[in-house]
Amino acid sequence: IALANGGFEVPAIRSDMFGKPSKPASVEEGRGLKGLSNLGNTCFMNSALQCLSNVETLTRYFLSDHWRKDLNTDNPLGMKGELAEEFAKLLKEIWGGSDSYSVS
């Protein structure tokens, strides 16, 4: 099945194109299944952080510490890497092997 789009043929995405969905091993082990504590009106930020933490490529990048070589600490308008540092710490807490159900 193809969709016509202004003369261009766009193939429809089939559910079997990418194989069967499977849970990553970390989910099987219970990692990554943590909530974030809300401090007043932080629920929208926490929701966005949870979404980012489930972007597999981004999370693997930060958990592997490869992001450190790309950090620009010299930008006078930047945060000197503080935001990236804190995001990496958060991901390590969320995806670490601790028994806690939430991150404060």
Side-chain angles (χ1 to χ4, degrees):
I1 298 173
L3 304 173
N5 183 2
F8 296 101
E9 291 294 317
V10 180
I13 296 176
R14 299 186 322 261
S15 61
D16 62 339
M17 281 178 103
F18 303 106
K20 290 184 179 179
S22 63
K23 292 182 183 176
S26 57
V27 172
E28 297 289 340
E29 297 166 7
R31 295 188 317 213
L33 302 176
K34 293 184 183 175
L36 301 175
S37 298
N38 286 328
L39 304 171
N41 59 354
T42 61
C43 58
F44 289 106
M45 179 185 66
N46 288 350
S47 178
L49 289 170
Q50 286 282 13
C51 289
L52 288 172
S53 80
N54 281 282
V55 176
E56 186 176 356
T57 307
L58 181 66
T59 298
R60 286 182 189 273
Y61 177 68
F62 274 93
L63 291 179
S64 69
D65 285 339
H66 285 105
W67 60 273
R68 290 187 185 277
K69 68 177 170 50
D70 296 325
L71 202 58
N72 180 0
T73 58
D74 299 329
N75 185 346
L77 301 176
M79 296 286 298
K80 310 288 186 236
E82 293 176 22
L83 185 61
E85 288 276 351
E86 292 303 317
F87 186 65
K89 284 182 196 174
L90 176 64
L91 288 178
K92 286 178 183 175
E93 279 193 57
I94 291 174
W95 290 95
S98 74
D99 293 334
S100 173
Y101 290 106
S102 68
V103 176
S104 298

Where at least one partner belongs to residues 37-59, residue pairs that pass ring-ring contact (aromatic ring centres under 6.0 Å, His included), sequence neighbours excluded: none
N41 atom CG: more than 12 heavy-atom contacts under 6.0 Å: no
Same apolar cluster (I L V M F W Y, side chains within < 4.5 Å links), I94/V55: yes
Test side-chain contact (heavy atoms from CB on, under 4.5 Å) applied to D70 - qualifying residues, sequence neighbours left out: Y61
Steps toward side chain to side chain contact (heavy atoms under 4.5 Å, CB included) verdict (L83, F87): CA-CA 6 Å; L83 185 61; F87 186 65; 5.7 Å; no
W67 side chain reached by E85 side chain, heavy atoms, under 4.5 Å: yes
Let me have the donor-acceptor pairs involving side chains of residues 46-54, under 3.5 Å, with sequence neighbours excluded, atom names and distances please.
{"unit_1": "N46", "atom_1": "ND2", "unit_2": "S37", "atom_2": "O", "d": "3.2"}
{"unit_1": "N46", "atom_1": "ND2", "unit_2": "N38", "atom_2": "OD1", "d": "2.5"}
{"unit_1": "Q50", "atom_1": "NE2", "unit_2": "K34", "atom_2": "O", "d": "2.7"}
{"unit_1": "S53", "atom_1": "OG", "unit_2": "Q50", "atom_2": "O", "d": "2.9"}
{"unit_1": "N54", "atom_1": "ND2", "unit_2": "Q50", "atom_2": "O", "d": "2.8"}

Straight-line distance of L91 CG to L63 CG, nearest 0.5 Å: 5.5 Å
Intermediate values then yes/no, side chain to side chain contact (heavy atoms under 4.5 Å, CB included), L36 and E93: CA-CA 10 Å; L36 301 175; E93 279 193 57; over 6 Å; no
Going by atom type alone, with no hydrogens or angles, which donor-acceptor pairs under 3.5 Å involve a side-chain atom of residues 71-80 and a protein atom two or more places apart or on another chain?
{"unit_1": "N72", "atom_1": "OD1", "unit_2": "D74", "atom_2": "N", "d": "3.1"}
{"unit_1": "N72", "atom_1": "OD1", "unit_2": "N75", "atom_2": "N", "d": "3.4"}
{"unit_1": "N75", "atom_1": "OD1", "unit_2": "L77", "atom_2": "N", "d": "2.9"}
{"unit_1": "K80", "atom_1": "NZ", "unit_2": "N75", "atom_2": "O", "d": "3.1"}

